Amino acid sequence: LVLMMQRVYRGKLSTNDDIVIKYKDEDSDLITIFDSSDLTFAIQCSKILKITLFVNGAHHVSVGDVRSLRGELQNIRDRVNTLLDRLEPPAPSPSSSGDTGP
């Protein structure tokens, strides 16, 4: 996730930056996103996910960056959902009506 943020904010973040990603929940509390499961949970629980990015302890996000970040997060969500779908066992195929032939 941090690598994705570095890609979205290329030129503005370095690999040495301490990055903390938080979202605002329904109670307006800032909740830290530690990994992709936290992100998936945040997406499932929020109709609109408001991300706040802290770099080296300081708030760091702009309106244009939010639009870009939203697209990247939607891509991550889609990839996570695809992976989760692949992990589910295949549905049993409908059996024939019992006819095995003459």
Side-chain angles (χ1 to χ4, degrees):
L1 190 54
V2 170
L3 292 174
M4 187 64 66
M5 293 299 107
Q6 288 172 336
R7 195 171 94 196
V8 169
Y9 292 98
R10 67 181 83 91
K12 297 179 183 177
L13 298 176
S14 76
T15 55
N16 296 329
D17 286 332
D18 180 30
I19 300 170
V20 177
I21 303 167
K22 297 185 179 222
Y23 72 96
K24 197 174 279 193
D25 69 2
E26 64 276 354
D27 298 325
S28 295
D29 295 326
L30 286 176
I31 309 299
T32 302
I33 298 175
F34 289 105
D35 55 28
S36 58
S37 65
D38 289 340
L39 177 61
T40 301
F41 179 78
I43 291 169
Q44 291 173 352
C45 292
S46 301
K47 290 182 182 179
I48 298 173
L49 191 60
K50 296 180 181 181
I51 297 289
T52 303
L53 190 63
F54 291 87
V55 180
N56 300 322
H59 176 259
H60 184 284
V61 74
S62 71
V63 174
D65 291 335
V66 169
R67 288 188 186 111
S68 175
L69 179 60
R70 177 184 167 102
E72 291 291 334
L73 290 173
Q74 287 171 334
N75 288 335
I76 292 170
R77 178 200 60 209
D78 294 343
R79 286 185 283 182
V80 166
N81 287 336
T82 299
L83 289 171
L84 289 172
D85 290 343
R86 288 182 187 169
L87 292 175
E88 289 189 24
S93 60
S95 46
S96 59
S97 61
D99 294 334
T100 56

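Since the structure is predicted, the reported quantities are computational estimates derived from the model, not experimental observations.
Annotation for Leu39 and Ile33: closest pair N-CG2, 3.8 Å, computed over non-hydrogen atoms.
Between the CG atom in Leu30 and the OH atom in Tyr23 there is a gap of 10.5 Å [rounded to 0.5 Å]. Between atom CZ of residue Phe54 and atom CD1 of residue Ile21 there is a gap of 11.5 Å, rounded to the nearest 0.5 Å. To the nearest 0.5 Å, atoms CG (Leu84) and CZ (Arg79) are separated by 13.5 Å. Of the inter-residue distances, the one linking Asp78 atom CG with Leu73 atom CG reads 11.0 Å to the nearest 0.5 angstrom. Separating the OG1 atom in Thr40 from the CD atom in Gln44 is a distance of 6.5 Å, to the nearest 0.5 Å.
Among residues two or more places apart in sequence or in another chain, the side chain to side chain donor-acceptor pair (under 3.5 Å) test is passed with Ser28 by none. Every residue meeting the side-chain contact (heavy atoms from CB on, under 4.5 Å) condition with Asp29, not counting sequence neighbours, appears here in chain and number order: Asp25, Asp27, Ile31. Remark: Thr32 pairs with Lys22 by the side chain to side chain donor-acceptor pair (under 3.5 Å) rule, at least two apart or across chains.
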